[in-house]
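Taking it in order: structure first as structure tokens, then the write-up.
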Amino acid sequence: MSDFQPIILKNIPDYHNIEVYMKNGGYGAFKKALKMTPTEIIEEVKKSGLRGRGGACFPTGMKWSFMPQKSDKPKYLCCNGDESEPASFKDREIFEKNPHQFLEGTLIACLAMGIKTAYIYIRGEYYPWIVMLQKALDDAYAKGLVGKNILGSDFSTDIYIHRGAGAYICGEETALLNSIEGKRGMPRFKPPFPANFGLWGCPTTINNIETLANISPIIDNGGEWFSKIGEPKHAGSLLYGLSGHINKPGIYELPSGTLLTDLIYKYGGGVKDNKKIKMIIPGGSSMPPLTADEIEGLQMDNEHLKSVNSYIGTGGIVVMNEDTDIVKVIKRITQFYYHESCGQCTPCREGCGWMLKILDRIDKGMGRNEDIDLLKDVANNIEGNTICAFGDAAAWPVKWAIKKFMPDFEKKVRESVDLPIANKVHSLRLTHQV
Ligand SMILES: Cc1cc2nc3c(=O)[nH]c(=O)nc-3n(C[C@H](O)[C@H](O)[C@H](O)COP(=O)(O)O)c2cc1C
């Protein structure tokens, strides 16, 4: 593991600059792919074992093979850079440090699936990164790497940048499609799946930015090379994001399956002020949290995280120390989901607000004995009962925090119940101002 060379965040000065990128072999994989058949490219990606880095870990080669090669309608690629999940900030690092590797992957994806138009959907708040990405794209156009008859071939593809407007739900792939179409960003029912009925009803593939940034190294070095990096069932490197009570927060590219303790202590410099760990969120705010007892020997990839009832998500790890008020953290996370729910499905629209109200009163010393069961009940009724996975994302932190940190919830409720009534009625209405 120690001789691991980063695949995406290479330590080359000014690598974001097209001249530097090309001097170091950049766009060579695309030139190689131009000489391959679409099937050969897709087979190489399948062989690599690459799984999507947008959270669901779907095998990328398989997804590409769902795209009909022949279609009388236009086909589209949507590159998902919405990145609005709290604790996730890895795609931003790619836009800043290595935008051309992502653009090269986008071109190869278009080549493999016979796509002539790609949209990059980027989080609207990432304004400086939108400017950086636009510059990279303009430079690629100027070099004849994007546009008509690329590098004198009969392959043409245009790439457009589409700015989001601050809605987390637009990262969900079908809400993203609606948003690009100019509609309200609400998820669609599936089926039909985007591969057959996506953008404007046309065949569409949606891939995460990090997923696409892995493509050119796969074509350069072969799928087999990639499949041997990290954990076999979740091959490659991951851009782990470290934040919270950690000495050296940031993005660390390491092989999948890196030990969580290595990430925290070896790379992240340990917990601030040498405090003990209370809770860890392993992959963005929606992933079920871990207790301090679960982290020893735990490898950070999707397969190993399943053994502690969690998932890798976007690899955004939040470390929280022994002083952390678990109820407050979960309330804050729930506040985010309450605010971001698109309101389309009743369990999510109503349930997120109910969870927040209950958490708020427990936190403010007005909890009732029955509140923990009620909270579990609401979370269970959201999970699995919505059009998209947003409902699960909102329910999991609540459900699993109760399961894993029950004493913290019980303590707050006990203290609430024991509190003299006069202290509790400071303002019931306040609890509803969420
Ligand atoms: C509420 C919600 C938000 C999401 N946000 C993102 C996002 O910001 N970026 C992303 O790539 N995937 C996001 N996803 C996952 C996408 O729906 C989709 O699975 C992904 O973009 C597919 O790309 P991949 O196969 O390369 O991972 C989100 C999913 C949900 C349910």
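Counting from 1, the numbers follow the sequence of the chain as shown. It should be emphasised that the depicted structure is a prediction, and the values quoted were computed from it without experimental measurement. Whatever order the structure lists them in is the order used to number ligands and atoms, beginning at 1.
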Ser256 backbone acceptor or donor facing Asp301 side chain under 3.5 Å
no
Look only at interatomic distance and state if [X] has a nitrogen or oxygen under 3.5 Å from any nitrogen or oxygen of ligand 1.
X	answer
Ile169	no
Phe58	no
Tyr168	no

Specify the protein heavy atom at minimum distance from [atom]: its residue, its atom name, and the distance to 0.1 Å.
atom	result
atom 11 (O) of ligand 1	Asn208 ND2, 2.8 Å
atom 27 (O) of ligand 1	Gly54 N, 2.8 Å
atom 22 (C) of ligand 1	Lys63 NZ, 3.3 Å
atom 28 (C) of ligand 1	Gly171 O, 3.4 Å
atom 7 (C) of ligand 1	Asn80 OD1, 3.6 Å

Identify all side-chain donor-acceptor contacts of residues 220-227 below 3.5 Å with residues at least two apart in sequence or on another chain.
{"from": "Asn221", "atom 1": "ND2", "to": "Pro217", "atom 2": "O", "distance (Å)": "3.0"}
{"from": "Glu224", "atom 1": "OE2", "to": "Lys228", "atom 2": "NZ", "distance (Å)": "3.0"}
{"from": "Ser227", "atom 1": "OG", "to": "Glu224", "atom 2": "O", "distance (Å)": "2.7"}

Counting heavy atoms only, which of Arg51, Met62, Glu172 is nearest atom 3 (C) of ligand 1?
Glu172
Pick, from Glu210, Lys90, Glu83, Glu173, the option with the minimum heavy-atom distance to atom 19 (O) of ligand 1.
Glu173
Donor-acceptor list for residues 106-121 side chains, cut-off 3.5 Å, not counting sequence neighbours:
{"from": "Thr106", "atom 1": "OG1", "to": "Phe102", "atom 2": "O", "distance (Å)": "2.9"}
{"from": "Tyr121", "atom 1": "OH", "to": "Ser179", "atom 2": "OG", "distance (Å)": "2.7"}

Sub-4.0 Å atoms of ligand 1 with respect to non-hydrogen atoms of [X]:
X	answer
Ile206	21 (O), 22 (C), 23 (O)
Gly52	24 (P), 25 (O), 26 (O), 27 (O)
Asn207	23 (O), 24 (P), 25 (O), 26 (O)

Between Ile312 and Met300, is any pair of side-chain heavy atoms under 4.5 Å apart?
yes
Scanning both residues in full, the closest heavy-atom pair of Ile42 with Ser65 reads CG2-CB, 4.2 Å
About how many Å separate CG of Leu199 and OG1 of Thr205, when rounded to the nearest 0.5 Å?
11.5 Å
In terms of side-chain geometry, is the basic nitrogen of Asp408 or Lys412 positioned less than 4.0 Å from the acidic oxygen of its partner?
no
If the threshold is 4.0 Å, N to carboxylate O, is there a salt bridge linking Glu44 and Lys47?
yes
Would you call the rings of Tyr168 and Tyr337 parallel, tilted or perpendicular if under 30° counts as parallel and over 60° as perpendicular?
perpendicular
Can you tell which part of Asp82 has a heavy atom less than 4.0 Å from ligand 1: side chain, backbone, both or neither?
both
